[in-house]
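Just so we're clear, the structure is a prediction, and the values are computed from it rather than from any experiment. Lettering follows sequence order; numbering is per chain, from 1.
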Amino acid sequence: MPELPEVEVVRRGLERWVAGRTVEAVEVLHPRAVRRHPGGGADFAARLRGEVLGVPQRRGKYLWLPLAGRDLSVLGHLGMSGQLLVQPEGAVDEKHLRIRVRFGDDAGTELRFVDQRTFGGLSLHETVADSAEGLPDVIAHIARDPLDPLFDETAYHLALRAKRTTVKRALLDQSLISGVGNIYADEALWRARLHYERPTANLTRPRSAELLGHVRDVMNAALAVGGTSFDSLYVNVNGESGYFDRSLDAYGREDEPCRRCGTPMRRRPWMNRSSYFCPRCQRPPRVSS
DNA sequence: AGCGTAACCTGGCGGC
DNA sequence: TGCCGCCAGGTTACGC
């Protein structure tokens, strides 16, 4: 499932393969793939035609392509199963091909948005007025991510202290810190030896700094090997799978021995998903909700 | 207001 | 063999 490292791998692929190219035609093959676009599929296609794509940017799990010389950006989110593929023109359509972008050059490739579960999509938005990188206005509420040099660590800590919630919820709250999903949340919590239901209100500054360090470490490790893949759904911009799943310490390891202490790892239903943890290294808070 | 939960969606898989 | 229910989870709408 694409989280920050996987999206960054896609962003780099787009930078190499589509930045600077001029859009010739857009086909929207499924309405849900453009449901965040205010004008619908026909409007999306019409407004993108003729535009020149700038250098792709990313914040958390969102990525966008600023349109050259315009205060507009194409915003993308991969959702659960989205892929952005650069394919040869004429290659057989993928089963779940949702959007095709053809270019007015002779490079011989096109950009495809493929998405089985249709949680992801593309849309066109005006950019925030003072944003040099062309931040789309609809994601202005998304916090900077932990790999962003401008991420405000002090503000993050103070927000954690002010919230009356638990630590994993706070890690997944994209308005506090972006880019963290269920997988990297469990990995960082395991590294920090924190139970997912620990209240954030009494986290000390050193403890939250340590947790943030683990979030950065696990994301950088994933980036180094090109993202994570658990099945054939996630591939990068050129259709290459990542290999980070082989080095996960917590996620998906129910009943397998903790890599620190050997205790069988556990899985608990949590927020319509699962939390994986070591019952010995990650003790639950005294008062569990 | 702030926090927690349900719904959106598809296909793989286990069980019967 | 085939069908049914469960599971995966990022985001947002909604309710308390």
Side-chain angles (χ1 to χ4, degrees), chain A residues 1-8 10 29-38 58-64 75-84 94-99 113-123 125 136-143 145-146 158-189 196-201 215 219 222 227-235 241-242 244-245 248 250-255 266-276 285 287-289:
Chain A
M1 319 303 166
E3 298 181 30
L4 185 155
E6 292 78 18
V7 178
E8 174 59 17
V10 171
L29 303 166
H30 196 300
R32 258 185 72 81
V34 291
R35 71 191 182 287
R36 293 194 68 169
H37 182 77
R58 183 189 55 73
R59 177 178 289 195
K61 303 168 197 169
Y62 286 93
L63 56 79
W64 66 90
L75 178 64
H77 196 291
L78 301 178
M80 296 290 303
S81 53
Q83 301 167 245
L84 281 163
E94 291 77 7
K95 180 177 181 186
H96 302 295
L97 177 62
R98 310 304 190 195
I99 300 172
F113 180 71
V114 177
D115 189 10
Q116 178 208 116
R117 292 177 222 180
T118 69
F119 279 86
L122 302 180
S123 49
H125 302 278
D137 56 8
V138 293
I139 61 164
H141 67 291
I142 300 293
D145 61 62
L158 293 176
L160 287 185
R161 300 280 303 192
K163 291 277 179 183
R164 292 298 176 265
T165 189
T166 49
V167 65
K168 187 170 173 182
R169 279 183 193 281
L171 281 175
L172 298 183
D173 185 340
Q174 307 294 301
S175 68
L176 295 181
I177 182 173
S178 67
V180 184
N182 200 42
I183 296 166
Y184 293 107
D186 279 2
E187 292 301 305
L189 289 169
Y196 58 97
E197 285 188 324
R198 266 286 296 269
T200 57
V215 171
M219 285 184 167
T228 304
S229 174
F230 300 99
D231 48 38
S232 60
L233 285 180
Y234 172 74
V235 290
S241 292
F244 188 65
D245 56 310
L248 292 177
Y251 185 84
R253 300 196 66 244
E254 183 180 20
D255 295 333
R266 289 192 185 153
R267 179 177 73 89
R268 289 284 178 273
W270 181 84
M271 273 181 71
N272 287 327
R273 36 183 70 64
S274 294
S275 277
Y276 296 87
V287 183
S288 184
S289 53

Donor-acceptor pair between A:Arg32 and A:Thr118 side chains, under 3.5 angstrom: yes

Under-4.0 Å side-chain N/O to phosphate OP1/OP2 contact, A:Arg36 with C:dT12: yes

- prompt: Looking at A:His30, does any N or O in its side chain come under 4.0 Å of the phosphate oxygens OP1/OP2 on B:dC9?
  reply: no

field: Gap between atoms CZ and C1', on A:Phe113 and B:dC9 respectively (whole Å)
entry: 13 Å

message: Whole angstroms only, please: what is the CG-P distance between A:Asn272 and B:dA6?
response: 6 Å

- request: Measure the shortest side-chain to side-chain distance between A:His96 and A:Val114 over non-hydrogen atoms and say whether it is less than 4.5 angstrom.
  value: yes

message: With a 4.0 Å limit, can you tell me whether A:Arg32 has a side-chain N or O closer than that to the phosphate oxygens OP1/OP2 of C:dT11?
response: no

- line: Heavy-atom nearest nucleotide on DNA chain B taken for A:His96 and for A:Ala162; more 5' hit belongs to A:Ala162

task: Find the distance A:Asn182:CG to C:dC7:P and express it as a whole number of Å.
output: 14 Å

- request: Answer yes or no: does a side-chain N or O of A:Ser81 lie under 4.0 Å from OP1 or OP2 of B:dC9?
  value: no

query: Could one point to a donor on the side chain of A:Arg117 or the base of C:dG10 with an acceptor on the other under 3.5 Å away?
result: no

- prompt: Rounded to whole angstrom units, what separation is found between the CE atom of A:Met80 and the P atom of C:dT12?
  reply: 15 Å

task: Tell me whether the OP1 or OP2 atom of C:dG10 has a side-chain N or O from A:Gln174 closer than 4.0 Å.
output: no

- request: Measure the distance from CG on A:Asp173 to P on B:dC3 and round it to the nearest whole Å.
  value: 9 Å

field: Rounded distance in Å - CZ (A:Arg35) to C1' (C:dT11)
entry: 8 Å

query: Distance check: side-chain N/O of A:Lys163 vs OP1/OP2 of B:dC3, anything under 4.0 Å?
result: yes

- line: Considering only heavy side-chain atoms of A:Arg273, the closest of B:dG11, C:dA8, C:dG10 is C:dG10

task: Determine whether A:Tyr62 and A:Pro136 make a side-chain contact, defined as any pair of heavy atoms from C-beta on separated by less than 4.5 Å.
output: no

task: Give the rounded distance in Å between these two atoms: CD of A:Glu6 and C1' of C:dG10.
output: 13 Å

message: Mind checking if A:Arg169 touches a base, just sugar-phosphate, or nothing, with heavy atoms under 4.0 Å?
response: base

Value in whole Å for how far the P atom of B:dG2 lies from NE2 of A:His141: 15 Å

query: Think A:Ser274 has a side-chain N or O under 4.0 angstrom from the OP1 or OP2 of C:dA8?
result: yes

query: Do any side-chain nitrogens or oxygens of A:His77 fall under 4.0 Å of OP1 or OP2 in C:dT11?
result: yes

query: So which one's nearest nucleotide on DNA chain B is more toward 5', A:Thr118 or A:Thr165?
result: A:Thr165

message: Using every non-hydrogen atom in the two residues, find where A:Leu248 and A:Arg253 come nearest and quote the distance to one decimal.
response: O-CD, 3.4 Å

task: Can you see which heavy atom on A:Leu78 is nearest to which on A:Pro2, and at what distance?
output: CB-CG, 3.7 Å

Side chain to side chain donor-acceptor pair (under 3.5 Å) partner of A:Asn182, the single match among A:Glu3, A:Lys168, A:Arg273: A:Lys168

message: Below the 4.0 Å mark, does B:dT10 have OP1 or OP2 next to a side-chain nitrogen or oxygen of A:Lys95?
response: no

